[in-house]
Amino acid sequence: MIRPLAPGSTIGIIGGGQLGRMLSMAAARLGYRTVILEPQPDCPAAQVSSSQIVADYDDRAALTSLAAQCDVVTYEFENVPVGGARILTDHVPVFPPPLALETAQDRLAEKIFLNRQEISTARFVPVDSEEDLAAGLEAFGGEGVLKTRRFGYDGKGQRVLRKDGRKEGKAAFAAMGGVPLILESLVPFGFEFSIIAARGQDGSKKAYDAVRNEHREGILRRSTVPAAMLTHMEEAAREATFTLMDALGYVGVIGVEYFALDDGTALANEFAPRVHNSGHWTEAACAISQFEQHIRAVAGLPLGDTRRHSDCVMENLIGEEIERIPDLLWESGVVLNLYGKTETRPGRKMGHFTRLSS
């Protein structure tokens, strides 16, 4: 029997960025305290949490302190050291489970895991040498996307190799530092979409409406709901997401990105074992946001209603786009969320806004 956390309990969050900030705010609404583990002092999440432990994510003493202060621990990004998460599990429940972290942190392991669940992806081969890359390009018609297996996000750590990929491959391999790589075949997709779903401690599952995503330079720019896509494609992606969560023994919110193909099928691209940028619209267009849904799941509470009450478009405010705030504040039907970051840098997400429509 699942015993929900009582109001006043404490939830630990590893990572102090904007996702941790929004999780902390959702936890506070449900009567929970939060403790942030993050090496950057006065990080966005710490500004709205009960306290912060300023230490590296793999600091054993800090992890022990976090476990002692908390009733459950979660995280806001997928590059949390798996070893640290496993240390925590000896003392306190950790959701999502370390298996989800371990799988998502390696693109090759991720693709293999997805395929084992009969979830289709682009074709792929591991690349540990120039010979591996040449053989992969030969198999994929001279084209592909060369990616680092670990630590890539927002378009970082990847190179697109097109028609003359065989010539560029050697230089790309050298430029990417000789780390383990993966080559994925190019996919002629119509658009990208994602499924944001949640699984509770009791195994119950719920999903939000599919969202159509637009990226620029590898960074999510805009998410639109409804996604204007085939019903059977959305249903199949939702069921694939549920299958993935069951296989991982997942607890919490997950974001799974898909490529929509012209033949009405979809290929899974990758998954994030956490709340997801493409789910930010839920705070404005649903009674229960992805952030509250995640807190509900890790706290052992019932999952909330995922229906939306409005159509919407969510856009990220990146870098100098933060200067749009005065104009956005004059608009009706706009929900604005700023992340409390004091330094503006190119490519840095400073906030987001969601335009609602009936």
Quiz prompt | Same apolar cluster (I L V M F W Y, side chains within < 4.5 Å links), Y75/L19 | solution =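 Cluster IDs for Y75 and L19 differ.
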Quiz item: Would you say V256 and L230 are hydrophobically clustered, going by side-chain heavy atoms of ILVMFWY under 4.5 Å?
Solution: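 Yes, V256 and L230 fall within the same hydrophobic cluster.
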Quiz item: Which word best sums up how the rings of F193 and Y258 line up, parallel for under 30°, tilted for 30 to 60°, or perpendicular for over 60°?
Solution: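 Because their plane-to-plane angle is under 30°, the rings of F193 and Y258 count as parallel.
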Practice problem: Describe, in one word, how the ring planes of H280 and F291 are oriented to each other, choosing from parallel (under 30°), tilted (30 to 60°) and perpendicular (over 60°). | Solution: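 Tilted: the ring planes of H280 and F291 meet at 30° to 60°.
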Using a strict cut-off of less than 4.0 Å between a Lys/Arg side-chain nitrogen and an Asp/Glu carboxylate oxygen, indicate whether [X] and [Y] qualify as a salt bridge.
| X | Y | answer |
| --- | --- | --- |
| R222 | E315 | yes |
| R86 | E102 | yes |
| E76 | R21 | no |
| D246 | R199 | yes |

Self-check item: side-chain hydrogen bond (donor to acceptor under 3.5 Å, both in side chains) evaluation trace for N337 with E283
Solution: CA-CA 10 Å; N337 192 329; E283 68 180 350; 3.1 Å; yes
I'd like to know if the side chain of [X] reaches the main chain of [Y], judged simply by a donor and an acceptor atom lying under 3.5 Å from each other, with no hydrogens or angles considered.
| X | Y | answer |
| --- | --- | --- |
| T282 | Q290 | yes |
| D59 | A61 | yes |
| R348 | E343 | yes |

When [X] is tested against each of [options] for side chain to side chain contact (heavy atoms under 4.5 Å, CB included), which residue passes?
| X | options | answer |
| --- | --- | --- |
| F95 | V73, T89, V298, I11 | V298 |
| I14 | L88, V94, I36 | L88 |
| K111 | I182, T103, D106 | I182 |

Mind checking the [atom1]-[atom2] spacing from [X] to [Y]? Nearest 0.5 Å is all I need.
| X | Y | atom1 | atom2 | result |
| --- | --- | --- | --- | --- |
| M350 | T344 | CE | OG1 | 3.5 Å |
| D71 | Y32 | CG | OH | 9.5 Å |
| D42 | Q47 | CG | CD | 5.0 Å |
| I219 | I318 | CD1 | CD1 | 4.5 Å |
| Q293 | D305 | CD | CG | 9.0 Å |

Please tell me whether [X] and [Y] have a donor and an acceptor in their side chains that are separated by less than 3.5 angstrom.
| X | Y | value |
| --- | --- | --- |
| N213 | E257 | no |
| S194 | H276 | no |
| S65 | Q69 | yes |

Self-check item: Ring centers of F271, Y250 separated by less than 6.0 Å
Solution: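 No, ring centres 6.0 Å or more apart.
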